[in-house]
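Structure first, then comments.
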Amino acid sequence: MDLTSLLAQSDPVAIARQLIGVELISEADGQETSVLLTEVEAYYAPHDLASHARNNTRTARTEVFWAAPGSCYIYTIHTHMMLNVVTGPVGTPHAILFRAGAPHRGLETIKARRKMTKLKRQLTTGPGVLAKALGIKDKTLYGSDLLDPENPLRLEVTTPPVTKDGIVATKRIGLGVKAGEWAEKPWRFHLKGSPFVTPG
DNA sequence: GGTCAGATGGACT
DNA sequence: GTCCATCTGACCG
């Protein structure tokens with residue numbers, strides 16, 4: 001299964017599972033850094049009230065949800081950048097949030113960006129932290145193609161797929177009250193046994 | 001382990 | 001202008 005076909009599938013929950021272990025590579029600041037994804041969450045709008053594209057809410061911020069699968073959705077919360085990839089056929093507002101990864105390439109650069117000296121969980125765990133580790137500090141790459149080998153931020157399959165029983169499904173994190181029952185969906189996936197996973 | 005303030009873009013009145 | 005958010009780091013025990 002190549003990523004282009006995977007991300008074009010119609011079920012973001014099934015896709016999210018298969019993104020665990022995929023490499024997310026950044027060339028920000030002329031430095032190559034990457035992580036192997038250890039934690040992601042699926043967002044299944046328009047029905048999913050936890051998604052920014054709930055009820056087909058289409059604004060300048062959410063416009064990219066309707067673009068091609070593989071497009072990058074970046075938004076800010078407080079002072080942090082959140083990285084997502086759009087999935088599904090064009091016109092279905094689905095996305096998957098990257099929440100954590102295990103450092104893979106450019107460990108020294110990652111540690112410098114995080115102002116940390118040791119390899120530990122907090123280095124690349126948490127969506128805002130992950131973006132910072134990869135040097136993503138603004139929305140420049142909003143709408144760019146994460147499947148394009150020329151894009152400074154991209155996804156690549158570089159390691160064998162993680163087996164099904166190596167992945168754990170739990171509830172999503174940090175959703176507001178208006179998500180209601182959708183907050184209960186087990187649409188957060190993480191690599192079993194990995195230290196690079198958010199608590200909860 | 002738990003609690004809590006910071007800090008800012010974006011949606012909506 | 002107001003309200004809120006897919007959060008983090010610091011602080012306290």
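All values below were derived from every heavy atom in this structure, side-chain atoms included, with hydrogens, water molecules and symmetry-related copies excluded. First the proteins, then the strands, lettered A, B, ... as listed; each starts at 1.
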Side-chain donor-acceptor contact under 3.5 Å, [X] with [Y]:
X: A:R188; Y: A:T198; answer: yes
X: A:N55; Y: A:T57; answer: no
X: A:S51; Y: A:D48; answer: no
X: A:T125; Y: A:E39; answer: no

Can you check the [X] [atom1] to [N] [atom2] distance for me, whole Å?
X: A:F65; N: B:dA11; atom1: CZ; atom2: P; value: 12 Å
X: A:I77; N: C:dC3; atom1: CD1; atom2: C1'; value: 14 Å
X: A:N55; N: B:dA11; atom1: CG; atom2: P; value: 15 Å
X: A:Y75; N: B:dA11; atom1: OH; atom2: P; value: 13 Å
X: A:M81; N: C:dA5; atom1: CE; atom2: P; value: 19 Å
X: A:R58; N: B:dG10; atom1: CZ; atom2: C1'; value: 18 Å
X: A:M116; N: C:dT8; atom1: CE; atom2: P; value: 11 Å
X: A:M82; N: B:dG10; atom1: CE; atom2: P; value: 13 Å

Inset, instruction - Output every pair passing side chain to side chain donor-acceptor pair (under 3.5 Å) with a member in residues 145-160 of chain A, not counting sequence neighbours, ordered by first then second residue. - result: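 Every side chain to side chain donor-acceptor pair (under 3.5 Å) pair that includes a residue of residues 145-160 of chain A, provided the two are not neighbours, is A:E23-A:T158, A:E27-A:R154, A:S144-A:N151, A:R154-A:E156.
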
Legend entry - Evaluation steps, side-chain contact (heavy atoms from CB on, under 4.5 Å), between A:W66 and A:N56: CA-CA 10 Å; A:W66 284 267; A:N56 286 311; 3.5 Å; yes

Inset, instruction - Using a cut-off of strictly less than 4.0 Å between a heavy atom of the residue and any atom of DNA chain C, enumerate the qualifying residues of residues 106-114 of chain A by number. - result: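 Under 4.0 Å from DNA chain C: A:R114.
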
Inset, instruction - For the pair A:E32 and A:R105, find out whether any cationic side-chain nitrogen is under 4.0 Å from an anionic carboxylate oxygen. - result: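 A:R105 and A:E32: salt-bridged.
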
Inset, instruction - Establish, with yes or no, whether the OP1 or OP2 oxygen of B:dG9 is under 4.0 angstrom from a side-chain nitrogen or oxygen of A:R61. - result: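 No, because none of the side-chain N or O atoms of A:R61 sits under 4.0 Å from OP1 or OP2 of B:dG9.
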
Using a heavy-atom cut-off of under 4.0 Å over every strand shown, decide if [X] touches base, sugar-phosphate, or nothing.
X: A:R172; value: nothing
X: A:L97; value: base
X: A:A179; value: nothing

For nucleotides 4-6 of chain B, list the nitrogen or oxygen atoms of the protein found under 3.5 Å from its nitrogen or oxygen atoms, one pair per line.
none

Inset, instruction - Kindly confirm or rule out a cation-pi arrangement of A:R99 over A:F196, judged by NZ or CZ under 6.0 Å from the six-membered ring centre and within 45° of its axis? - result: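 No - A:R99 does not lie over the ring of A:F196 by the 6.0 Å and 45° rule.
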
Inset, instruction - Quick one: sort the A:Y44 and A:H94 rings into parallel, tilted or perpendicular, breaks at 30° and 60°. - result: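 The rings of A:Y44 and A:H94 stand perpendicular, inter-plane angle above 60°.
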
Inset, instruction - For the residue pair A:W187 and A:W182, categorise the inter-ring angle as parallel (less than 30°), tilted (30 to 60°) or perpendicular (more than 60°). - result: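 If you compare the ring of A:W187 with that of A:W182, the planes turn out tilted.
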
Inset, instruction - Sort out for me which residue in A:Y142, A:Y43, A:Y73, A:Y75 forms a ring pair (Phe, Tyr, Trp, His ring centres under 6.0 Å) with A:F65. - result: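 When ring pair (Phe, Tyr, Trp, His ring centres under 6.0 Å) is applied between A:F65 and each of A:Y142, A:Y43, A:Y73, A:Y75, only A:Y73 qualifies.
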
Legend entry - Residue pair A:I136 / A:M81: nearest heavy atoms and the distance that separates them: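 Heavy-atom minimum between the residues: O-CG, 3.6 Å.
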
Legend entry - Proximity to DNA chain B (any heavy atom under 4.0 Å), residues of residues 124-139 of chain A only: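 Correct list: A:K139.
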
Legend entry - DNA chain C: stems of at least 3 consecutive Watson-Crick or G-U pairs whose donor-acceptor distances fall under 3.5 Å: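 Stems (3+ consecutive pairs) listed as B:1-6 with C:7-12, B:8-12 with C:1-5.
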
Inset, instruction - Using heavy atoms to find the nearest nucleotide of DNA chain C for A:Q122 and A:N84 separately, return the residue whose nucleotide is more 5′. - result: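 Result of the comparison: A:N84.
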
Inset, instruction - Check whether more than 12 heavy atoms from other residues, nucleotides or ligands sit under 6.0 Å from atom NZ of A:K139, and answer yes or no. - result: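 Atom NZ in A:K139 is packed in, count exceeds 12.
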
Below 3.5 Å, can you tabulate the donor-acceptor pairs from side chains in residues 10-22 of chain A to any protein atom, sequence neighbours excluded?
{"residue": "A:D11", "atom": "OD1", "partner": "A:V13", "partner atom": "N", "Å": "2.9"}
{"residue": "A:Q18", "atom": "NE2", "partner": "A:A14", "partner atom": "O", "Å": "3.2"}

